[in-house]
Each structure stands twice: as structure tokens, then as C-alpha cells.
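Quick notes on the structure that follows.
In what follows, residues are counted from 1 in the order of the sequence shown.
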Amino acid sequence: MRRRRTCFRAPAHPYTQALLASVLTPDPALGIPDVGLGDSYPDPTNIPSGCRFHPRCPRAFEDCAQTTPDHIRKDGRLVECLLAVNG
């Protein structure tokens with residue numbers, strides 16, 4: 001349970017951050033949040049090279065398309081993100 005709370009309070013992966021920021025609110029005046037995920041959907045039969053989230057990640061950089069991130073332990077949890085490794 002603690003890990004789940006940590007994921008919601010302080011997500012380490014940019015794609016998780018964007019997903020959580022995209023949650024709709026009950027106030028229609030706030031509109032639909034644009035968190036940079038784009039409007040395309042992943043194709044599970046054609047997984048991209050490198051990080052599988054890079055086509056939809058708002059913080060992806062060139063290496064993300066080429067290098068598959070390893071599982072690393074950061075702040076007591078597992079993260080698969082080149083940003084976590086590089087800084």
C-alpha cells in the first residue's frame with residue numbers, strides 16, 4: 001500500500017506523471033487537461049524501440065528512442081526511465 005501511495009504522490013516516471021495529471025475533475029469549467037501525451041494510442045503489436053513510452057512521453061529525448069531503460073532503484077522503488085538514470 002505504501003508503494004502505491006508513493007506512486008500517486010511522487011511518481012518518478014514522466015509518463016506516470018502525465019497520466020496522473022490527465023485525470024478529469026468534476027468541474028466542467030476546467031476543461032480537459034493537456035499534459036502532452038498527444039492523441040495517438042499505443043499499438044501492442046508494434047512496440048517501439050527504446051523506451052516503450054517515448055512516443056507519448058512529454059519529456060522524451062533522443063536516447064529514449066534508442067535505449068531500453070533498465071530497472072533501477074530510486075528512492076526505494078523501481079523505475080524504468082533514462083531520466084532517472086541520467087539525473
Side-chain angles (χ1 to χ4, degrees):
M1 185 73 147
R2 179 175 172 229
R3 282 184 274 181
R4 191 175 314 136
R5 276 190 237 133
T6 301
C7 180
F8 281 95
R9 275 190 295 208
H13 194 284
Y15 189 69
T16 307
Q17 294 166 1
L19 286 176
L20 291 174
S22 71
V23 173
L24 297 175
T25 67
D27 183 354
L30 294 176
I32 297 173
D34 181 7
V35 294
L37 293 179
D39 55 4
S40 64
Y41 297 97
D43 179 356
T45 64
N46 187 20
I47 297 172
S49 61
C51 176
R52 66 186 68 206
F53 297 111
H54 85 267
R56 301 175 313 281
C57 180
R59 294 183 53 204
F61 59 102
E62 190 175 323
D63 287 351
C64 298
Q66 306 301 321
T67 306
T68 302
D70 293 323
H71 287 79
I72 65 159
R73 195 163 285 285
K74 182 177 181 177
D75 300 328
R77 54 195 163 150
L78 289 176
V79 180
E80 284 185 51
C81 182
L82 296 175
L83 289 169
V85 173
N86 297 329

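- Once rounded to the nearest 0.5 Å, the distance linking CG of L83 with SG of C57 reads 6.5 Å.
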Show me, pair by pair, the donor-acceptor contacts under 3.5 angstrom made by side chains of residues 44-52, not counting sequence neighbours?
| residue | atom | partner | partner atom | Å |
| --- | --- | --- | --- | --- |
| T45 | OG1 | D43 | OD1 | 2.6 |
| T45 | OG1 | D43 | OD2 | 3.2 |
| S49 | OG | A65 | O | 2.7 |

Given the rule in the side-chain contact (heavy atoms from CB on, under 4.5 Å) test, do R73 and L78 qualify, once you have shown the distances and angles that lead to the verdict? CA-CA 5 Å; R73 195 163 285 285; L78 289 176; 4.1 Å; yes

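- Atom OG1 in T68 sits 11.5 Å away from atom CG in D63 (nearest 0.5 Å).
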